[in-house]
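Worksheet: the structure to be examined is printed underneath.
Every chain is numbered from 1 and lettered A, B, ... according to where its sequence line falls, protein lines coming before strand lines.
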Amino acid sequence: MRLSRYFLPTLKETPAEAEVVSHRLMLRAGMIRQASSGIYSWLPLGLKVLQNIEEIVRREQLRSGAQEILMPTIQSADLWIESGRYEDYGAEMLRITDRRGREMLYGPTNEELITDIIRSDIKSYRDLPKNLFHIQWKFRDEIRPRFGVMRGREFLMKDNYSFDLDEAAARHSYNRMFVAYLRTFQAMGLRAFPMRADSGPIGGDMSHEFLVLAETGESKVFFHKDMDALAIPGDDVDYDGDLQPIVDQWTSLYAASDEQHDAANCPVAAEDLNSGRGIEVGHIFFFGTKYSKPMGAVVQGPGGDEILVQMGSYGIGVSRLVAAVIEASHDENGIIWPESVAPFRVGLMNLRIDDAGCTAAADDLYGKLQAAGVDVLYDDRDERAGAKFSRMDLIGLPWQIAVGPRGLKDGIVEVKNRATGERIDLSPEDALARFATAK
RNA sequence: CGGGGAGUGGCGCAGCCUGGUAGCGCACCUGCUUUGGGAGCAGGGGGUCGCAGGUUCGAAUCCUGUCUCCCCGACCA
């Protein structure tokens with residue numbers, strides 16, 4: 001993509017409304033613009049990142065055996081009245097009345113809708129287990145939206161729902177998600193720890209929050225230092241096999257958020273306890289028959305009896321993850337994207353557009369990188385070199401290639417690693433080869 | 001929802017107290033010079049001062065109402 005044609009409205013100064021670093025950088029890097037409080041438009045650069053994250057989430061869900069569906073954003077109030085949550089949910093639910101006076105709502109979550117789908121079409125124990133996910137925009141009319149997309153009112157969320165015949169099977173469904181989540185966050189270059197979450201009486205030991213470590217995270221967390229060293233299951237993990245040992249390995253180590261941590265009664269010795277700050281990006285929990293019971297989601301068992309479906313639900317804040325990655329990975333100059341979520345892999349800069357030789361070399365390299373399938377953003381604008389360097393640092397592409405007359409005189413271009421700041425001189429051919437080959 | 005603050009060109013702000021018809025920096029356009037880490041000079045375009053009432057000869061400025069946004073707290077992916 002040529003930057004001269006790309007819509008990338010970066011800002012030199014930080015808008016006054018932005019407080020946290022991810023919000024500031026997302027505005028400055030031209031990723032988002034606020035539409036109203038807690039509601040944002042995604043501009044090309046931000047959208048690419050959002051889609052990359054979404055794709056990683058989707059890939060790991062599918063790998064774990066879940067199946068993708070898509071439910072609507074607008075729901076009828078009827079189902080919510082049936083489950084008893086229409087009143088309970090309160091003002092956080094955005095209620096809408098259609099032209100016929102029917103009560104509708106912009107879904108804050110989808111338990112009711114999915115339960116309705118399941119009860120209509122799943123009648124036999126032979127149809128279980130099922131695990132269905134969708135990635136859809138939600139709306140919660142937060143009392144106080146803040147921190148940009150970290151805590152917006154409208155947000156993109158992956159949520160899925162498992163349906164099992166009994167609690168043992170439900171536990172396996174739960175464990176699958178547990179493992180899938182570990183893999184998902186790692187694939188985005190994040191360190192995420194599961195923490196036991198209090199979900200009331202139903203969930204028991206089957207409720208965990210996943211927190212991404214970031215210095216600027218909103219809540220303080222404490223965890224056993226061995227957690228750092230725990231391996232994440234590889235691509236060969238068998239989701240049909242016994243996942244309990246993996247889950248046990250993680251859950252046996254102490255990890256707690258600020259509210260739950262009690263220094264006086266902490267089972268871990270002080271020297272073994274690490275602390276940091278975290279951002280909640282995922283939550284998984286088992287809730288048994290909470291919805292299947294009031295809504296009558298039953299299957300017929302082998303003996304002809306009716307059995308209430310055991311359900312679990314699992315969320316990942318997809319749009320929030322964009323901000324979380326930035327919180328976890330930035331410096332004073334801007335964003336530092338992990339390669340897996342970066343909007344472009346390489347930022348190519350023509351430092352002197354009015355120098356025919358320089359422009360020819362940069363154009364040539366751009367064409368060849370593209371032909372080799374490298375996702376590259378090419379700064380071909382008539383700007384000063386300094387402005388180009390600064391902007392590249394701000395938008396945080398993993399690799400920068402600077403093509404200028406000075407280097408070309410010696411037959412080289414400069415390749416810079418955004419994360420480490422390391423710069424190396426390569427011939428254009430070597431630079432091409434470096435990125436054209438596998439990552 | 002309680003407490004605080006702010007709405008003036010795309011962004012950051014001054015002007016308001018003490019009314020006289022809007023200004024600065026960045027960004028943008030033109031020209032010249034410059035050119036490897038956000039250049040310099042000159043010229044230029046763009047603003048119903050959130051909105052609605054009121055006071056006044058005259059309102060960005062004073063008064064009343066209203067909307068929006070932000071920050072702190074209680075609540076959340």
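Along RNA chain B, the nucleotide closest to A:Ser390 and the one closest to A:Gly317 are compared, and the more 5′ of them pairs with A:Ser390.
Nucleotide B:rC49: unpaired (no Watson-Crick or G-U wobble partner with both distances less than 3.5 Å). Across all strands shown, B:rC75 forms no Watson-Crick or G-U wobble pair with both distances under 3.5 Å. Using the Watson-Crick or G-U wobble rule with both distances under 3.5 Å, B:rA6 pairs with B:rU68. B:rC11 and B:rG25 make up a base pair, with Watson-Crick or G-U wobble contacts both under 3.5 Å. Of all nucleotides present, only B:rG20 satisfies the Watson-Crick or G-U wobble test against B:rC57, with each distance under 3.5 Å. B:rG31 is paired with B:rC41 under the Watson-Crick or G-U wobble criterion, all donor-acceptor distances under 3.5 Å.
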Residue pair A:Asp379, A:Asn350: steps toward the side chain to side chain contact (heavy atoms under 4.5 Å, CB included) verdict: CA-CA 6 Å; A:Asp379 193 343; A:Asn350 176 356; over 6 Å; no

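The C1' atoms of B:rA6 and B:rG12 are separated by 14 Å, rounded to the nearest whole Å. Taking atom C1' in both B:rC71 and B:rA27, one finds a spacing of 27 Å when rounded to whole Å. Between B:rA14 and B:rC26, the two C1' atoms lie 15 Å apart (nearest whole Å). Look at the P atom in both B:rG23 and B:rG31: the space between them is 26 Å, to the nearest Å.
Taking the side chain of A:Arg320 as heavy atoms from C-beta on, and the options B:rC71, B:rG38, B:rA77, the nearest nucleotide is B:rA77. Of the candidate nucleotides B:rC11, B:rG37, B:rC75, B:rC11 has the atom lying nearest to any side-chain atom of A:Pro15. Each of B:rA77, B:rU35, B:rG36 was ranked by its minimum atom distance to the side chain of A:Arg352; first place goes to B:rU35. Distance from the side chain of A:Arg146 is smallest to B:rG73 among B:rC1, B:rG73, B:rU35. In this structure, of B:rC69, B:rC76, B:rG36, it is B:rC69 that holds the atom nearest to the side chain of A:Ser36. Out of B:rG36, B:rC72, B:rC11, the shortest distance to the side chain of A:Leu11 is found at B:rC11. The side chain of A:Arg384 sits closest to B:rA39 out of B:rC69, B:rA39, B:rG38. Here B:rC26 is the nucleotide among B:rC76, B:rU35, B:rC26 with the atom lying nearest to any side-chain atom of A:Glu13. Minimum atom distance to the side chain of A:Ser37 is reached by B:rC69, of the listed B:rC69, B:rG38, B:rC76. The nucleotide whose nearest atom lies closest to any side-chain atom of A:Glu142 is, among B:rA39, B:rA77, B:rG38, B:rA77.
Note: A:Tyr40 and A:His23 have perpendicular aromatic rings, judged against thresholds of 30 and 60 degrees for the angle between ring planes. Using cut-offs of 30° and 60° on the angle between ring planes, the pair A:Phe193 and A:Trp250 is tilted.
Among the protein residues, A:Ala16 comes within range of the sugar-phosphate backbone only, with heavy atoms under 4.0 Å from sugar or phosphate atoms but none that close to a base. Note on A:Ser319: nothing from the nucleic acid sits closer than 4.0 angstrom, heavy atoms only. Across all strands, A:Pro405 comes closer than 4.0 Å to base atoms (heavy-atom distances).
Distance CD (A:Glu17) to P (B:rG5): 20 Å, rounded to an integer number of Å. Rounded to an integer number of Å, the gap from OH of A:Tyr161 to C1' of B:rA77 is 11 Å. Taking atom CD of residue A:Gln34 and atom C1' of nucleotide B:rU68, one finds them 10 Å apart after rounding to whole Å. To the nearest angstrom, C1' of B:rG37 lies 13 Å from CG of A:Asp379.
Taking the centre of each ring, A:His224 and A:Tyr254 stay at or above the 6.0 Å mark. A centroid separation of less than 6.0 Å is found between the aromatic rings of A:Trp399 and A:Phe435. Two rings, from A:His208 and A:Phe210, have their centers 6.0 Å or more apart. Aromatic ring centres of A:Phe163 and A:Tyr161 lie farther apart than the 6.0 Å criterion allows.
The base of B:rC75 lies close enough to the side chain of A:Arg151 for a donor and an acceptor atom to sit less than 3.5 Å apart. The base of B:rG37 sits with one of its N or O atoms less than 3.5 Å from a complementary donor or acceptor on the side chain of A:Arg423.
When the side-chain nitrogen and oxygen atoms of A:Gln400 are compared with OP1 and OP2 of B:rG37, none of them lie within a distance under 4.0 Å.
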